[in-house]
Every structure is written in structure tokens, then in C-alpha cells.
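Here's the structure, in C-alpha cells; my notes come after.
All heavy atoms count here, side chains included; hydrogens, waters and symmetry mates do not. Please read these numbers as outputs of a predicted model, since none were measured by experiment.
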Amino acid sequence: MVDGSNPYDAPRSNLNDRPRGRARFERRLLGAAAVFLLNLPLAIVVTLHQSGGDAWLGVLMGLVGLGILGVLICLISERVGLTMILGGFGIALFQVVPILHGIAGFIALWLTFAVGISPQPGQVTTWSAGLCICLVTGLLLMKLAFSLGVLLLVLTPPRWRGLATQMIR
């Protein structure tokens, strides 16, 4: 279909005239969701063993909040989002040997005890303790994911970076 106003305009089709930015947006959203889901297994297994009482409610609220935060970060800033997605895949691979996850969890347990949310170290029985532990652990792992993403982008050759960011974009 050619518009009659300018004969030099390229013809337009209703099928393929989707803006390019929308495809990037959808891929970043998909990448953020994939990273979130890949990082869930260890969190769920540890929560099953360590929590009791109403702590599940707090952990569930924390996971929903962290998932929304991750998606918002990926939607607001393309560069930060892509860096977080690349690093998040790396952090998900670290679940095989969860040293980083364990350190972040111990920091969260100590913090909830130091603040007074948890009565004893390692005792997670209230929803507020579950929420605090989930948020602190998740935010620490998000910072690690960003750092790992920056490290991966710095250490990899530019031609690899182009391929990786094209796959995510």
C-alpha cells in the first residue's frame, strides 16, 4: 500500500510494521522472567527446610516483590537490564554450588536477628522474618548478578557481546 502523498515513501505493510523497540522490550521482559524463574529452585528448597509457621507468607511476598523489581529494572534501563539478565543467568548457574547463595542467606539471617525480627539466629517462624530474609538475600544476589554481568561484558570480546545482547534484545 502506497500512500498518495509522497511517491518516494517505501511501501508499508500491516504485517511487519511493528516498531523495533517493542521487540526489544518483549525480549527484555522475557529475559527478566526467565532469570527470575531460573533462580527460584534453590530459594524454594532452602525455604522448605529452614522456615516454619507463617514465614512462607513473608517469603512469598518477598519473591513477588523481587520479581516485580527485576522486571522494572529491565524495563526502565536497557543497559542495566541486559547486564542484570546476563549476570542473573550466571548466578542461576551458581546454584549447583551455592556458596554465594549461602553467604547471602547467612547475612540475611544475621541481619534479621540483629534488627530483632527473629528471636534466635536461624529461627524463621514469622512472616516478617521470612520477608526480611527473602528481600535481603534477593537484593544481595541481584547486586551480585549486576556485578557478574558487568564482569562478563568487560571480559568477553565485543563480537561475543554483540551476539549475547542481540539474543536478549
Interatomic distance, [X] atom [atom1] to [Y] atom [atom2] [nearest 0.5 angstrom]:
X: Ile73; Y: Ile85; atom1: CD1; atom2: CD1; value: 10.5 Å
X: Ser77; Y: Leu72; atom1: OG; atom2: CG; value: 12.5 Å
X: Thr126; Y: Leu57; atom1: OG1; atom2: CG; value: 10.5 Å
X: Leu86; Y: Met84; atom1: CG; atom2: CE; value: 11.0 Å

Locate the shortest heavy-atom distance separating [X] from [Y]; write the atom from each residue and the value.
X: Leu75; Y: Arg28; answer: O-NH1, 3.7 Å
X: Ala32; Y: Gly70; answer: CB-O, 4.3 Å
X: Leu148; Y: Gly87; answer: CD2-O, 3.7 Å

With sequence neighbours excluded, residues passing side-chain contact (heavy atoms from CB on, under 4.5 Å) with [X]:
X: Val136; result: Ala108, Leu111, Cys132, Leu140
X: Leu66; result: Cys134, Leu135, Leu139, Met142
X: Trp56; result: Ile44, Thr47, Leu48, Ser51
X: Leu144; result: Ile91, Leu100, Leu141

Heavy-atom distance under 4.5 Å between the side chains of Val124 and Leu109, does that happen here?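 Yes - at least one pair of side-chain heavy atoms lies under 4.5 Å apart.
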Taking C-beta and beyond as the side chain, do Phe94 and Ile99 meet within less than 4.5 Å on heavy atoms?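 Phe94 does not reach Ile99 side chain to side chain.
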Assigning hydrophobic clusters by single linkage (Ile, Leu, Val, Met, Phe, Trp, Tyr; side-chain heavy-atom cutoff under 4.5 Å), is Ile103 placed with Val97?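 The answer is yes; both residues are in one hydrophobic cluster.
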Path from Leu131 to Ile68 over hydrophobic side-chain contacts below 4.5 Å: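 No; Ile68 is not reachable from Leu131 via cluster members.
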Scan residues 102-118 for pairs that pass side chain to side chain donor-acceptor pair (under 3.5 Å), counting only residues two or more places apart or in two chains.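 Sorted pair list comes back empty.
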Return a table of donor-acceptor pairs under 3.5 angstrom between the side chains of residues 33-40 and protein atoms on other chains or two or more places apart.
{"residue": "Asn39", "atom": "OD1", "partner": "Ala92", "partner atom": "N", "Å": "3.3"}
{"residue": "Asn39", "atom": "ND2", "partner": "Val35", "partner atom": "O", "Å": "2.9"}
{"residue": "Asn39", "atom": "ND2", "partner": "Gly88", "partner atom": "O", "Å": "3.4"}

Counting neighbours of CG on Leu155 that are heavy atoms of other residues, nucleotides or ligands and sit closer than 6.0 Å, is the number greater than 12?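 Buried by this count: over 12 neighbours within 6.0 Å.
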